[in-house]
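Step one of this worksheet: look at the structure below.
All values below were derived from every heavy atom in this structure, side-chain atoms included, with hydrogens, water molecules and symmetry-related copies excluded. Residues take their numbers from the sequence shown, with the count starting at 1.
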Amino acid sequence: MVSFSESNIGNVRRLNEDFVFASEKPVGPLENLFLVADGMGGHQGGDYASRYTVEHMISKLAGMETKSPIAAINDAILQINAELYEQGRMVEELQGMGTTLVAATISGSTLYVANVGDSRLYRISDHLKQVTRDHSWVEEMIREGRMTRDSAIYWEKKNIITRAIGAYERVTADFFEVELNPGDRILLCSDGLSNMVEDRQIEQILLKTENRRNLTAAGRELIAAGKANGGKDNLSVVLVDPELDEVKKC
């Protein structure tokens with residue numbers, strides 16, 4: 001298994017409120033772990049929430065006994081949400097903070113994904129497919145038929161999210177299980193990338209022959225594209241190549 005992770009401040013923001021993590025080695029009961037968090041609630045609160053969530057996700061998972069991937073990740077999310085929510089109530093500078101989170105782990109040929117907010121996970125095979133579902137005002141309007149996806153690209157309130165860790169007393173994560181095929185790759189990213197780089201451009205970059213097995217080149221080209229398209233937000237990318245053709249031979 002090979003992975004690449006990088007977070008970039010972008011062209012406009014003065015602080016990077018995204019936080020990423022990638023481990024090809026076991027973390028507690030999980031065989032590997034990949035995370036992207038995008039903080040909100042002012043510079044101090046957003047930075048604190050994303051960093052706290054990722055660091056405490058790692059530490060809580062590392063201390064867990066054997067559990068299924070979904071149960072382990074869900075337990076950690078619920079604990080972190082309660083802790084962040086209480087801190088937000090007690091510390092004035094942290095009031096209103098929260099963070100998105102997309103978490104992934106791979107066991108054999110199965111991808112397990114947890115998602116809160118509008119950070120995303122894509123599966124790349126012969127095309128790009130979004131696995132997660134955005135928890136955002138825009139996405140809810142699209143699902144209800146009140147807005148088209150094309151028009152949503154230009155809507156000024158597209159960054160308003162409806163679910164975040166630490167922002168509410170209770171939080172519910174969406175979970176997905178995906179069977180992967182040999183050659184599939186995984187992209188996790190914050191909305192800073194998905195808002196700046198349309199899916200078709202992401203697909204073009206990742207399907208380039210020279211980028212198919214060079215995750216560093218592919219990841220940095222994605223970030224460069226986000227900056228070239230405006231870079232209005234922080235840009236975070238985690239790419240994973242499970243090399244399933246090798247796994248299945250073992």
Side-chain angles (χ1 to χ4, degrees), residues 1-10 16 18-27 30-38 54 57-58 61 69 73 100-115 118-132 176-229 231 233-250:
M1 181 177 292
V2 179
S3 66
F4 164 86
S5 62
E6 190 165 299
S7 186
N8 188 284
I9 197 169
N16 191 345
D18 289 359
F19 207 79
V20 301
F21 175 80
S23 174
E24 300 148 29
K25 297 180 180 180
V27 178
L30 307 184
E31 296 178 31
N32 42 71
L33 181 63
F34 308 98
L35 305 168
V36 171
D38 179 2
V54 170
M57 174 71 66
I58 297 163
L61 288 169
I73 294 172
T100 69
L101 177 71
V102 59
T105 186
I106 300 168
S107 179
S109 62
T110 305
L111 168 70
Y112 299 92
V113 184
N115 185 57
D118 60 355
S119 291
R120 294 181 177 182
L121 184 141
Y122 295 90
R123 173 184 181 177
I124 309 103
S125 50
D126 56 349
H127 62 281
L128 184 78
K129 182 178 180 180
Q130 183 178 341
V131 173
T132 53
F176 307 86
E177 291 186 32
V178 179
E179 284 301 308
L180 300 173
N181 297 314
D184 284 355
R185 290 167 294 160
I186 306 303
L187 166 65
L188 297 80
C189 67
S190 61
D191 72 325
L193 183 84
S194 58
N195 285 339
M196 289 293 101
V197 187
E198 294 183 12
D199 282 7
R200 60 176 173 265
Q201 187 179 6
I202 294 175
E203 181 177 275
Q204 289 170 355
I205 290 170
L206 293 178
L207 292 184
K208 282 184 178 179
T209 301
E210 61 269 30
N211 286 343
R212 285 181 179 268
R213 293 296 176 181
N214 189 334
L215 298 190
T216 298
R220 290 183 175 162
E221 187 170 345
L222 287 173
I223 290 172
K227 296 182 74 173
N229 292 346
D233 199 353
N234 308 143
L235 303 157
S236 293
V237 169
V238 174
L239 280 167
V240 186
D241 186 343
E243 296 187 332
L244 289 173
D245 50 340
E246 296 298 323
V247 170
K248 290 185 176 182
K249 291 178 183 177
C250 295

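Distance alone, capped at 3.5 Å, is enough to place a donor-acceptor pair between the Thr100 side chain and the Asp38 backbone. Without hydrogens or angle criteria, Gln130 side chain to Arg120 main chain gives no donor-acceptor distance under 3.5 Å.
Contact annotation: the side chain of Asp18 never approaches that of Val36 to less than 4.5 Å [non-hydrogen atoms, C-beta and beyond]. In this structure the side chain of Thr110 reaches within 4.5 angstrom of the side chain of Glu179, judged on heavy atoms. For the pair Leu111 and Arg123, the minimum side-chain heavy-atom distance is 4.5 Å or more. Residues Val238 and Leu35 are not in side-chain contact: their nearest non-hydrogen atoms beyond the backbone lie 4.5 Å or more apart. Side chains of Phe21 and Ile58 form a contact here, defined as non-hydrogen atoms less than 4.5 Å apart. The side-chain heavy atoms of Asn115 and Val131, taken from C-beta on, include no pair separated by under 4.5 Å. Considering only heavy atoms from C-beta on, Asp233 stays 4.5 Å or farther from Asn195 through its side chain. Side-chain atoms of Leu30 and Ile73, non-hydrogen and from C-beta on, do get closer than 4.5 Å to each other.
Across all their heavy atoms, Leu188 and Ala104 have their closest contact at CD2-CB, 4.2 Å. When all heavy atoms of Ile205 and Asn211 are compared, the closest pair comes out as O-ND2, 2.9 Å. Across every non-hydrogen atom of Pro242 and Arg185, the tightest pair is CD-CA, 4.3 Å. The shortest non-hydrogen separation linking Gln201 to Ala225 is NE2-CB, 3.7 Å.
For the atom pair OH of Tyr122 and CG of Leu239, the computed distance is 12.0 Å after rounding to the nearest 0.5 Å. Atom-to-atom distance recorded for Glu203:CD and Leu187:CG is 12.0 Å, nearest 0.5 angstrom. Once rounded to the nearest 0.5 Å, the distance linking CG of Leu121 with OG1 of Thr132 reads 6.0 Å. Separating the OG atom in Ser194 from the CG atom in Asp199 is a distance of 8.0 Å, to the nearest 0.5 Å. Rounded to the nearest 0.5 Å, atoms OG (Ser3) and CD1 (Ile186) are 12.0 Å apart. Note: Leu222 CG to Leu215 CG = 10.5 Å, rounded to the nearest 0.5 Å.
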Between Asn32 and Ser23, does a side-chain hydrogen bond (donor to acceptor under 3.5 Å, both in side chains) hold up when you go through it step by step? CA-CA 6 Å; Asn32 42 71; Ser23 174; over 6 Å; no
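Partners of Asn8 under the side chain to side chain contact (heavy atoms under 4.5 Å, CB included) rule, at least two apart in sequence or in another chain, are Ile223, Lys227, Leu235. In this view, Ser107 and Glu31 satisfy the side chain to side chain donor-acceptor pair (under 3.5 Å) rule, not counting sequence neighbours.
Within the structure, salt bridge (charged side-chain N to carboxylate O under 4.0 Å, His left out) contacts touching residues 215-224 (residues at least two apart or in different chains) are Glu6-Arg220, Lys208-Glu221.
Results of the side chain to side chain contact (heavy atoms under 4.5 Å, CB included) test with Ser236 over Cys189, Ser7, Ser119 single out Ser7 as the only residue that passes.
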